[in-house]
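Numbers here are sequence positions counted from 1.
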Amino acid sequence: MRRRLRTAGVLAALTLFSAASVSVSVPAVAEEEQGAPVTVPALTDWTPAAGSYTYERSARLVADSASERRVADTLAGDLRDAGHGTAAVVRGGARPGDIVIDVRPSRTSLGAEGYELGAGKRLSVTAATETGAFYGTRTLLQLLARSDRVPAGRTVDVPRYKERGVGVCACYIHVSMPWLENLVREMAYHKLNQLLLELKVRSDAHPEANTWGYYTKDEIRRLVALGNRYHVEIIPEINSPGHMDPWIENRPDLQLADSDGTKQPSRLDITRPEAFAYYAGLIDEYAQVFTATSWHMGADEYMLGSDFAKYPQILKYAQDRYGPDATPQDAFIDFVNRVHAHAAAKGRKLRIWNDGLTGANTVPVAAGTTVEHWLNVAVKPSRLLAQGYPLMNAAYALYLVRGGFHSDTKGLYDQSWDPRGFEGEKLSSSDGITGAKISLWPDNGRGETENEVAAALWPALRHIAQATWGDPHPDATYAEFTARGTAVGHAPGWRDLTRVPVADGSYTFRTGGRSFTTEVARTADGYVTVRTADGCLEVRGGKLTLNVPLQPGVEAAPQTCDPGNTLQRWQLEPAAGGYHLVNAITRMTVSVAFDGRLLQYPPDQRTSAVWHLS
């Protein structure tokens, strides 16, 4: 995969830490010294006034219309989660100490997401839309993060870019739902509004494609509902026509064959009507659980490690369809445009990566297709904009790769990076640029655990929020900017996933007639090692995917203890008076076979053992 096969020359070291266990000294934030409240993104036009607003437990949330009450209901839950007590949502006139949610469509200058916040005897959030009012409440929550007193004043806060995002490839590997739920909450707290998820939903129509790590439809429905509540659009992606191996490894009839007749498990045969029908059917199935108005098809690296010359049937297809001057690239664009048409019929706009647009095609990509630019190729961002395509900056410089390259967030901040800075070209205008996103890829699936990824993610997340919403360089130094993140903390409802439910020590694990004695020890990233007399429990064997043993039924057995081996890290997940034993990397739970062996399985395929510790 394109994110996985970049050379080691771009790798950067990162010191990982547990947010729950590390205390650091941070400098004061510059705006705070000037009397302005501290937020991320930073407020750009705060006008101070005399006095302050003090939040008290008697505060009410005043909201009249249906949209105002939805915002107020969400805010009430977040205030409770943040330890501010239970605030009643009421209609009618406001009194001193209240918080007023006011949606006024006539305030068109605030746009679709902007808001005005005023603090005095009461606090008011005014916006033209429900979304804008919601973002005003995110600022309010940040203002209350350290103190119940908010300095009196007023701000009008409007984003510079309409798409402010994070991309997560839960492709091949499985990323836990609590981790994704944390991400949605953190994104909303920092006014990010778009989460791209490349993942596999367990298919009813094509059970042959249900290799781990998929998600059930109910899991996705719950995540999408959370995203809708927090104004984070969750956009699904099934990468095609390349990188299709998670879907077609058991469908050789759909795999592209080279001139020697060798099947390519990662490449869909775009010349076959059955292949398009298969992919279109997956779009239809995803539409049952995703409500986003966009569909991402990837469309990157179709010929990675190969070239069209090895597949003469593609050129023939293109010439049969578009004439003798057509190129193999035209067949590729034809597939993209057919997906565009199918998605449009479902009310969804198409998004693709840029690297497949080499300029070798004579057939243009359908108008309205959003291009997410990550790689410097012959067709530059300025040309894509001149051709009228909406353009998002998804630069490689913004990547966080498991076990590999990590974005130099400090360097980007010091350079005042903003979404005009693409790979290979810096644009002078933001016209036509939809925004930017950071991207998380699992090139070496065992290179880091989820908790380690989270520790690296939060600074990058706050930076992209700042660079896409407002001034990309609000503080004189990066240290001052990171102090903002420390000041506002995590979103209400965020769960500390580094907490371990048992203390270090000796335990006997018992379940269904199987027992063993262990030494349990917390790891630095918030998991545990399970050490027996024969070694540390580890999943090993079977088929490896991205260096991870993702095959169900693979044994978990003692191996030589290695503190750096992430496959020896486990999560104790509370369940029915005991615990499920979940591998930190494979995200599968341990079951006990009839012969007493410990085997890993997806939780919906085999009843997970419940371990009682004594």
Side-chain angles (χ1 to χ4, degrees), residues 24 26-49 52-53 110-111 113-119 123 125-127 131-147 149-166 186-193 231 398 407 409-421 430 435-438 457-492:
V24 295
V26 294
V29 182
E31 278 77 359
E32 186 176 20
E33 296 172 354
Q34 300 167 7
V38 175
T39 61
V40 181
L43 301 175
T44 58
D45 73 338
W46 178 262
T47 302
S52 63
Y53 167 82
L110 295 174
E113 296 180 301
Y115 64 93
E116 179 179 353
L117 183 146
L123 193 144
V125 173
T126 305
T131 300
F134 171 81
Y135 286 133
T137 65
R138 300 307 93 182
T139 296
L140 167 60
L141 288 167
Q142 290 191 11
L143 297 180
L144 296 176
R146 291 180 300 160
S147 171
R149 188 190 70 83
V150 176
R154 186 168 299 273
T155 187
V156 172
D157 197 22
V158 180
R160 296 190 180 186
Y161 294 90
K162 68 178 183 179
E163 293 186 337
R164 308 175 300 278
V166 177
E186 286 287 87
M187 288 178 64
Y189 191 54
H190 295 89
K191 303 185 179 70
L192 295 168
N193 63 358
H231 296 259
L398 302 174
S407 176
T409 303
K410 179 181 184 301
L412 293 172
Y413 182 84
D414 289 342
Q415 298 163 22
S416 296
W417 181 93
D418 69 30
R420 296 173 301 162
S430 61
K437 70 177 178 185
I438 54 177
L457 169 62
W458 305 138
L461 182 147
R462 288 162 179 147
H463 171 254
I464 200 68
Q466 182 65 56
T468 53
W469 182 279
D471 178 359
H473 199 277
D475 301 304
T477 68
Y478 179 66
E480 288 175 328
F481 176 69
T482 59
R484 290 181 176 276
T486 301
V488 304
H490 288 291

Candidate pair Val38 and Arg146, rule side-chain contact (heavy atoms from CB on, under 4.5 Å), full reasoning: CA-CA 10 Å; Val38 175; Arg146 291 180 300 160; 3.8 Å; yes
Worked check of side-chain contact (heavy atoms from CB on, under 4.5 Å) between Thr137 and Tyr115: CA-CA 9 Å; Thr137 65; Tyr115 64 93; over 6 Å; no
Any Leu117 side-chain heavy atom under 4.5 Å of Trp46 side chain: yes
Residue pair Val488, His190: steps toward the side-chain contact (heavy atoms from CB on, under 4.5 Å) verdict: CA-CA 10 Å; Val488 304; His190 295 89; 4.2 Å; yes
Main-chain N/O of Val156 paired to Asp45 side chain as donor or acceptor, under 3.5 Å: yes
Atom pair OG1/CG of Thr468 and Asn193 - distance to nearest 0.5 Å: 8.0 Å
Residue list, side chain to side chain contact (heavy atoms under 4.5 Å, CB included) with Thr44, at least two apart or on another chain: none
Interatomic spacing from CG in Asp471 to CZ in Arg160 - rounded to 0.5 Å: 5.5 Å
Tyr135 side, atom OH; Leu192 side, atom CG - distance, nearest 0.5 Å: 8.0 Å
Those residues that, when tested against Lys191, pass salt bridge (charged side-chain N to carboxylate O under 4.0 Å, His left out) (two or more places apart): none
Spacing of Ser52 atom OG and Leu123 atom CG [to the nearest 0.5 Å]: 11.0 Å
Check: His490 and Tyr189 side chains under 4.5 Å, non-hydrogen atoms: no
Arg484 charged N/C atom sitting above Tyr413 aromatic ring, 6.0 Å / 45°: no
Student check: side-chain heavy atoms of Val166 and Glu186 closer than 4.5 Å: no
side-chain contact (heavy atoms from CB on, under 4.5 Å) between Met187 and Leu461, worked out: CA-CA 8 Å; Met187 288 178 64; Leu461 182 147; 4.1 Å; yes
Note, Tyr53 side chain near Leu143 side chain (heavy atom, < 4.5 Å): no
Arg138 side chain near His231 side chain, heavy-atom distance below 4.5 Å: no
pair Leu398-Leu412: side-chain heavy atoms closer than 4.5 Å: yes
Leu141 vs Pro492 side-chain heavy atoms within contact, under 4.5 Å: yes
NE2-OG1 distance between His463 and Thr482, expressed to the nearest 0.5 angstrom: 12.0 Å
Presence of salt bridge, Arg154 and Glu116, under 4.0 angstrom: yes
Heavy-atom check, side chain of Pro419 versus side chain of Glu163, under 4.5 Å: no
Rounded distance (nearest 0.5 Å) linking atom CH2 of Trp417 with atom OG1 of Thr409: 10.5 Å
